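What follows is one structure encoded as structure tokens, with my remarks underneath.
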Amino acid sequence: MPYKAKTRRGSMAFYILALVVLLVDQGSKWWVRTHMFVGEQRNVFIPYLHFEYYQNSGAAFSSFQGYGKWFAYLAIVVVGALIYYRIKGAIRGMVLELAAGFLAGGALGNALDRLMYGKVTDFLVWGSRSGIMNIADLAINAGVVLLIFGMLLRGWQEKRSYSFK
């Protein structure tokens with residue numbers, strides 16, 4: 001019985017985090033679209049961060065310009081897969097729940113932009129101008145890092161439990 005309660009709590013973390021990421025992402029993009037013009041730059045935390053309003057109709061690093069709708073559909077499939085594997089129990093433990101929540105919220109945030117506007121609103125530029133991103137992109141990156149960490153942790157725990165048998 002305690003395992004079921006823990007699973008339920010974890011599933012709520014997944015859904016809550018995905019919703020929070022989606023809301024923060026869409027709220028920040030709304031602010032940029034309503035308070036800045038495309039190409040405008042604003043210093044936020046010199047020299048580490050500034051805002052620069054950019055519209056990306058492609059994928060990461062402005063690749064595949066004009067194919068944004070396909071990435072929206074792919075994101076919806078990915079989120080569906082995350083929910084499916086979450087329900088099936090393949091995503092267990094708080095680290096993997098959080099990873100999936102970050103991934104789902106980020107994917108939905110960018111998919112919503114692509115479906116509503118045909119482009120993703122990017123505005124975060126870090127330090128040396130090596131790229132431009134948004135909150136959804138940050139969440140996806142955090143999700144990938146947590147996913148790798150969670151899988152390594154799970155593998156280490158399984159290996160450790162086998163060594164004591």
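Since this is a predicted model, take the numbers as computed values, not measurements.
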Is it possible for you to say whether Val144 and Val77 belong to one hydrophobic cluster, with membership spreading through side-chain heavy-atom contacts below 4.5 Å? no
Please name all residues satisfying side-chain contact (heavy atoms from CB on, under 4.5 Å) with Leu147, sequence neighbours left out, ordered by chain then number. Leu96, Ala99, Leu103, Met151
If you compare all heavy atoms of Ile91 against all heavy atoms of Ala100, which two are closest, and at what distance to 0.1 Å? CD1-CB, 4.0 Å
Minimum heavy-atom distance between Ala136 and Gly106, given as atom pair plus value: CB-O, 3.3 Å
Who passes side-chain contact (heavy atoms from CB on, under 4.5 Å) against Met36, sequence neighbours left out? Trp31, Val32, Glu40, Arg42, Phe51, Tyr53
Applying the 4.5 Å side-chain criterion to the ILVMFWY set and letting contacts propagate, would Ile148 and Tyr85 be lumped into a single cluster? yes
Minimum-distance pair of heavy atoms, taken over all atoms of Ala107 and Val79: CB-CG2, 3.9 Å
Do Asn110 and Phe71 have side chains that approach each other closer than 4.5 Å (heavy atoms only, starting at C-beta)? no
Using a 4.5 Å cut-off on heavy atoms from C-beta on, say whether the side chain of Glu97 contacts that of Arg86. yes
Indicate if Val95 and Val145 have the same hydrophobic cluster label, given that clusters are the connected sets of ILVMFWY residues with side-chain heavy-atom separations under 4.5 angstrom. no
Under 4.5 Å side-chain heavy-atom separation, chaining through any Ile, Leu, Val, Met, Phe, Trp or Tyr, what else clusters with Leu23? Say none if it is isolated. Leu19
Compare every heavy atom of Ala18 with every heavy atom of Ala104, then report the nearest pair and how far apart it is. CB-CB, 4.1 Å
Going by heavy atoms in the side chains, are Val125 and Gln41 under 4.5 Å from each other? no
Phe102 side chain near Asn141 side chain, heavy-atom distance below 4.5 Å: no
Minimum-distance pair of heavy atoms, taken over all atoms of Ile135 and Ser28: CG1-OG, 3.4 Å
Please list every donor-acceptor pair under 3.5 Å in which a side-chain atom of residues 117-124 meets a protein atom from a residue at least two apart or in another chain.
residue : atom : partner : partner atom : Å
Tyr117  : OH   : Arg33   : NH2          : 3.3
Thr121  : OG1  : Arg33   : NH1          : 3.0
Asp122  : OD1  : Asn134  : ND2          : 2.8

Check ring-ring contact (aromatic ring centres under 6.0 Å, His included) between Phe37 and all other residues, then give those that pass, not counting sequence neighbours. none
Here the pair of heavy atoms bringing Ala13 nearest to Leu98 is CB-CD2, 4.4 Å
Please enumerate all residues that pass side-chain hydrogen bond (donor to acceptor under 3.5 Å, both in side chains) together with Gln26, with sequence neighbours excluded. Asp113
